[in-house]
Amino acid sequence: MPSSASGFEAGGHRGSFLRAAEGSLTGTFSLVPQIVDRVNVPVIAAGGIADARGVVAALALGAEAVQMGTVFLACEESCASLVHRQALRGKKAGHTALTKGFTGRLARGIHNRLLEELNQGGTAILPYPLQRRLVRNLSIAAEAAGRADLLPLWAGQSANLSACTDTTAFLRSLVEEVSEIAGPISQWSAARREKRILK
Ligand SMILES: Cc1cc2nc3c(=O)[nH]c(=O)nc-3n(C[C@H](O)[C@H](O)[C@H](O)COP(=O)(O)O)c2cc1C
């Protein structure tokens, strides 16, 4: 079974189960090669990968695949609301933060009024999934009123790189760009992994 290496940059929930999410906040660039060096299964890199440059970097670090989340939220086909998708393409998408306030579990979203108020010291946060239900009630009204400042705007740190509007066109151009240079990089990474296994 492949191993997923999800960096601190990723949008949404942290995939931490063994210890507190706050104690395992490592960036993708640091995390991927360290996991690649320790496991003998394919590694999937996630977190902050939003275009061909990110995919190629992940392959160079030894990952055999990538997982992209935030970039697809901005696409027309995503189930994110129009307000959320517009926010992902706006200037404020460059400023994200972590919060337990959206659901009770640590998650990353665009820094807005909701996130800031939920992160204020002394604000009581219910355990997951009760907090999610509470915030959901607010989200329904905020969405209807077009209030991006009061919505949980799930997003990773590379939200600003999201160029995707149409998924098919985005994936086609991604595959095309990556294919041009991925071959030699993947071969080089595989050879490096092989040497390490033989050591
Ligand atoms: C809206 C949203 C919800 C997510 N929820 C979870 C989750 O419940 N558990 C989890 O392990 N990862 C979750 N993720 C992380 C994704 O699986 C993926 O690893 C991440 O989006 C990749 O980083 P990126 O957003 O920078 O592309 C979520 C991501 C988003 C955008």
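Just so you know, residue 1 is the first one in the sequence shown, and it goes up from there. Counting convention: from 1, in listed order, for ligands and their atoms alike.
Y128 has its side chain out of reach of R133: every pair of non-hydrogen atoms, C-beta onward, lies at least 4.5 Å apart. Taking 4.5 Å as the limit, every side-chain heavy atom of I44 sits out of range of all side-chain heavy atoms of S3.
Remark: minimum distance from atom 31 (C) of ligand 1 to any protein heavy atom is reached at L73 CD1, 3.8 Å. Scanning all protein heavy atoms for the shortest distance to atom 14 (N) of ligand 1 gives G11 O, 3.6 Å. When only non-hydrogen protein atoms are considered, atom 16 (C) of ligand 1 lies nearest to Q67 NE2, 3.8 Å. For atom 11 (O) of ligand 1, the nearest protein heavy atom (residue, atom name, distance) is G15 CA, 3.6 Å. For atom 27 (O) of ligand 1, the nearest non-hydrogen atom of the protein is G69 N, 2.8 Å.
Of the N or O atoms in T70, one or more lie within a sub-3.5 Å distance of an N or O in ligand 1. For the pair Q157 and ligand 1, the shortest N or O to N or O distance does not fall below 3.5 Å. Of the polar atoms of G48, at least one N or O is found under 3.5 Å from an N or O of ligand 1, judged by distance alone. Considering backbone and side-chain atoms together, W154 places no N or O closer than 3.5 Å to any N or O of ligand 1.
Annotation for ligand 1: atoms under 4.0 Å from non-hydrogen atoms of G12 are 2 (C), 3 (C), 4 (C), 28 (C), 29 (C), 30 (C). Listed by number with element, the atoms of ligand 1 under 4.0 angstrom from any heavy atom of A46 are 19 (O). Close contacts of ligand 1 with M68, meaning ligand atoms under 4.0 Å from a residue heavy atom, involve 27 (O).
Taking each of R105, H13, R108, E9 in turn, the one with a heavy atom nearest to atom 5 (N) of ligand 1 proves to be H13. Closest to atom 22 (C) of ligand 1 by heavy atom, among A21, G47, G156, is G47.
By the 4.0 Å N-to-carboxylate-O rule, E176 lies too far from R172 to be salt-bridged with it.
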Take T103 and Q131 through the test side chain to side chain donor-acceptor pair (under 3.5 Å) and record every step on the way to the result.
CA-CA 5 Å; T103 66; Q131 181 72 15; over 6 Å; no

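With R85 as the partner, the side chain to side chain contact (heavy atoms under 4.5 Å, CB included) test is satisfied by one option alone out of S162, S78, C75: S78.
Ring-centre distance between H13 and F102: not below the 6.0 Å cut-off.
Note: H111 and H95 have parallel aromatic rings, judged against thresholds of 30 and 60 degrees for the angle between ring planes.
Heavy atoms of V71 stay at 4.0 angstrom or farther from ligand 1.
No side-chain donor-acceptor contact under 3.5 Å links T165 and E76. Judged purely by distance below 3.5 Å, without hydrogens or angles, the side chains of S173 and E177 never pair a donor atom with an acceptor atom.
Counting heavy-atom neighbours within 6.0 Å of R89 CZ, excluding the residue itself, gives a total above 12.
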